[in-house]
Undergrad: 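Encoded as structure tokens, here's the structure I'll be asking about.
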Amino acid sequence: MKNVSMREQVRECIICFLLFAILYIVSYFVIKRYKRKGDEQEDEDATVNRISLFLSTFTLAVSGGAVLLLPFSIISNEILLFFPKSYYIQWLNGSLIHGLWNLVSLFSNLCLFLLMPFAFFFLESEGFAGLKKGIKARILETIVVLILLALLIFGIVWVASALIDNSSASKESLYDLWDCYLPYLYSCISLMGCLLLLLCTPVGLSRMFTVMGQLLVKPTILEDIDEQIYMIHLQEEALQRKLNGRNYTPDYSTKKIEHDLLNARSMKSKLERRKNASAWQRNLVYPAVMILLLIATFSSVILVSLNILRLLVDETAMPKASKGSGFGDASLFTFGFAGATLEIILIFYLMVSSVVGFYSLRFFSSFTPRKDDTTMTKVIGNCLSILVLSSALPVMSRTLGITRFDLLGDFGRFNWLGNFYIVVSYNLMFAVVTTLCLVRKFTSAVREELLKAIGLDRLQLSNESSDSPSPNGHQKSL
């Protein structure tokens, strides 16, 4: 029996290592695609950048594992139901799934509280004054800063716990760093991550239609593409003549001409792409994708609404109170494997929407990575942000009722998951905010036409134009 148990543990370790190695390789190529090439020199800073790159890649791989936790667990449960006694899937069992959840939880804590702060402070460190410059001096400074930061966070959490629960048992529990303090702190950060998802996901769900509209070729209905290309071509030639000095006016900024020229060329390339696209790509793919996005979005809102009703009438619907059947014993879906597939699609759709919404917010728009032009500091910030979002994704999916799969490991032990008012309020806010974002998205054209009809658009235009001087030096008036 000991040999069998040891063999199973070794097999599970090998499987976990292979899965993480795949995620690490993919994460490395993703970061290298966006990381600035000028940061690669052969000196002390290059060594620091390589260490920070390794830690950032590790964090992004953990984020990918957190995103895949629920889909992998759901599909594994259905596979075990279809092939309960198959020899080729004996490696797929409840012990492996629980181990993956525990490892992702452990590595998320490690990256969030140690690796990412170390990478950031190590990248910004220079060494203490009076010490010999080098890698060791920078490591020493980073360790000292991390210790001071840990003491500061410990004091803040201790004070917050005392304000919430002023009992002596609550205060003494914080002295147990591993069993009480870190899980309590991670629970608070998980709640912050879920609140961030609550802010980003509705914005991303409405923004997805615009993003897909930019990626796909729109159908040409009542449009003359050739005429538009000809007009853009004339505009490009006029701007090029101004730039060459044939019709150059001193008051006209050269940078503005170059900017307008780049915009004209970009618009021309988009129009040529629409012209060269096939008929099925224009008239079939775009409407189908938009309909699928609409179905997925409204399905998410409907599932959240049903989950609110379930929470009001059934106590076992709470994320922390639910204790379903064992892994591989029963299906959690009415339609079996098809229902599981649809649920997985919704989970991925919510994650992509949350990332799109995160970079669409004004406060985080400066974090948007650019190909071959993203500094290492921004890479660390992006990896940390993706880690917070992905770690909160399983909790958000279970809290909103998108999935009925129980949260395993430390993900299901968060204290706030058992608070009825927090869970119901979270569901209500998600449904209301998502609905408002969608209504605002699909009624924007109608609102613009109404503003034009009553003349408010002219009033807004006059306010904007009266503040900007015209090229001849006079104020514009409408």
Undergrad: With heavy-atom distances below 4.5 Å as the criterion, would you say the side chains of V355 and I386 are in contact?
TA: yes
Undergrad: Checking F120 now: which residues fulfil side-chain contact (heavy atoms from CB on, under 4.5 Å) with it, not counting sequence neighbours?
TA: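 F120 satisfies side-chain contact (heavy atoms from CB on, under 4.5 Å) with E124, T377, I380 only.
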Undergrad: Can you tell me if K35 uses its side chain to pair, donor with acceptor, with the backbone of V30 under 3.5 Å?
TA: no
Undergrad: Report the residues that fulfil side-chain contact (heavy atoms from CB on, under 4.5 Å) with V352, sequence neighbours left out, ordered by chain and then residue number.
TA: M208, V356
Undergrad: Please evaluate residues L393 and L70 with respect to the criterion side chain to side chain contact (heavy atoms under 4.5 Å, CB included), reporting the C-alpha separation (whole Å), side-chain torsions for both, the decisive distance (0.1 Å), and the verdict.
TA: CA-CA 9 Å; L393 179 67; L70 269 179; 5.9 Å; no
Undergrad: Are the side chains of M396 and L198 in touch, meaning some heavy atoms are under 4.5 Å apart?
TA: no
Undergrad: Measure the SG-CG distance between C383 and L115 for me, rounded to the nearest 0.5 Å.
TA: 11.5 Å
Undergrad: Considering only heavy atoms from C-beta outward, does the side chain of M376 approach that of S56 to under 4.5 Å?
TA: yes
Undergrad: Just by distance, do the side chain of N77 and the backbone of S73 share a donor-acceptor pair under 3.5 Å?
TA: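 No; zero donor-acceptor contacts below 3.5 Å.
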Undergrad: Around atom CZ of F121, are there more than 12 heavy atoms from other residues, nucleotides or ligands closer than 6.0 Å?
TA: yes
Undergrad: For residues 139-154, dump all side-chain donor-acceptor pairs below 3.5 Å to protein atoms at least two apart in sequence or in another chain.
TA:
residue : atom : partner : partner atom : Å
E141    : OE1  : E126    : N            : 3.1
E141    : OE1  : G127    : N            : 2.5
T142    : OG1  : R138    : O            : 2.7

Undergrad: Given I97 and F72, is the side chain to side chain contact (heavy atoms under 4.5 Å, CB included) satisfied, shown in steps?
TA: CA-CA 8 Å; I97 301 301; F72 185 76; 3.6 Å; yes
Undergrad: Who are the side chain to side chain donor-acceptor pair (under 3.5 Å) partners of S299, not counting sequence neighbours?
TA: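 For S299 there are no side chain to side chain donor-acceptor pair (under 3.5 Å) partners, ignoring immediate neighbours.
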Undergrad: Please list, chain by chain and in numerical order, all residues satisfying ring-ring contact (aromatic ring centres under 6.0 Å, His included) with F122, sequence neighbours excluded.
TA: F118
Undergrad: Less than 4.5 Å apart, side chain to side chain, heavy atoms only: is that true for L53 and Y28?
TA: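 L53 reaches Y28 side chain to side chain.
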Undergrad: Do you know which two heavy atoms are closest between N109 and S105, and how far apart they sit?
TA: ND2-O, 2.7 Å
Undergrad: Atom CD1 in I135, atom CD1 in I51: separation rounded to 0.5 Å?
TA: 6.0 Å
Undergrad: For T59 and L384: C-alpha separation, side-chain torsions, deciding distance, then whether side chain to side chain contact (heavy atoms under 4.5 Å, CB included) applies.
TA: CA-CA 7 Å; T59 302; L384 185 60; 5.7 Å; no
Undergrad: Quick one: list whatever passes side chain to side chain donor-acceptor pair (under 3.5 Å) with Y24, sequence neighbours left out.
TA: none
Undergrad: For C16, which residues count as a side-chain contact (heavy atoms from CB on, under 4.5 Å) partner, sequence neighbours excluded?
TA: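 Listed in chain order: L96, L100, L103.
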Undergrad: Quick one: side chain to side chain donor-acceptor pair (under 3.5 Å) partners of N382, sequence neighbours excluded?
TA: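 If we apply the side chain to side chain donor-acceptor pair (under 3.5 Å) test to N382, skipping adjacent residues, the hits are Y359.
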Undergrad: Hey, are Y349 and T297 close enough side-chain-wise for a donor-acceptor pair under 3.5 Å?
TA: yes
Undergrad: CE of M429: more than 12 outside heavy atoms within 6.0 angstrom?
TA: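 Open.
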Undergrad: Apply ring-ring contact (aromatic ring centres under 6.0 Å, His included) to F107 and list each qualifying residue two or more places apart in sequence or on a separate chain.
TA: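 For F107 the ring-ring contact (aromatic ring centres under 6.0 Å, His included) partners, ignoring immediate neighbours, are F58.
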Undergrad: Looking at every non-hydrogen atom in both residues, tell me the closest pair between S391 and V395 and how far apart they are.
TA: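 Taking every non-hydrogen atom into account, O-CG2, 4.2 Å.
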Undergrad: How long is the gap from CZ on F430 to CG on L303, to the nearest 0.5 Å?
TA: 10.0 Å
Undergrad: State, with a plain yes or no, whether a side-chain heavy atom of N102 is found less than 4.5 Å away from one of L106.
TA: no
Undergrad: Can you give me the closest heavy-atom contact between L205 and S353, atom names plus distance?
TA: CD2-OG, 3.3 Å
Undergrad: Among residues at least two apart in sequence or on other chains, which ones pass ring-ring contact (aromatic ring centres under 6.0 Å, His included) with F358?
TA: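 Counting only residues at least two positions away or on another chain, F358 forms a ring-ring contact (aromatic ring centres under 6.0 Å, His included) with F364.
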Undergrad: With S52, which residues qualify under side chain to side chain donor-acceptor pair (under 3.5 Å), at least two apart?
TA: none
Undergrad: Rounded to the nearest 0.5 Å, what separation is found between the CD1 atom of I295 and the CG atom of L346?
TA: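 If I round to the nearest 0.5 Å, the distance is 11.0 Å.
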Undergrad: Step by step, work out the side chain to side chain contact (heavy atoms under 4.5 Å, CB included) result for V388 and L112.
TA: CA-CA 8 Å; V388 173; L112 192 61; 4.1 Å; yes
Undergrad: Roughly how far apart are L197 CG and T399 OG1, rounded to 0.5 Å?
TA: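 These two atoms lie 10.5 Å from each other.
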Undergrad: Which atom pair, heavy atoms only, marks the closest approach of C200 to L361?
TA: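 Smallest heavy-atom distance, with atoms named: SG-CD1, 3.9 Å.
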Undergrad: Where is the tightest heavy-atom contact between A61 and L23, given as atom of each residue plus distance?
TA: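 Heavy atoms of A61 and L23 come nearest at O-CD1, 3.6 Å.
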Undergrad: Are more than 12 heavy atoms from other residues, nucleotides or ligands located less than 6.0 Å from atom CZ of F209?
TA: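 Enclosed.
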Undergrad: Any side chain to side chain donor-acceptor pair (under 3.5 Å) involving residues 421-438? Give me the pairs, sequence neighbours left out, ordered by first then second residue.
TA: N307-N427
Undergrad: Any non-hydrogen side-chain atom of M351 less than 4.5 Å from a side-chain atom of S390?
TA: yes
Undergrad: For L387 and S63, which heavy atoms make the closest approach, and how far apart are they?
TA: CA-OG, 3.1 Å
Undergrad: If you round to the nearest 0.5 Å, how far is OG of S397 from CD1 of I402?
TA: 6.5 Å
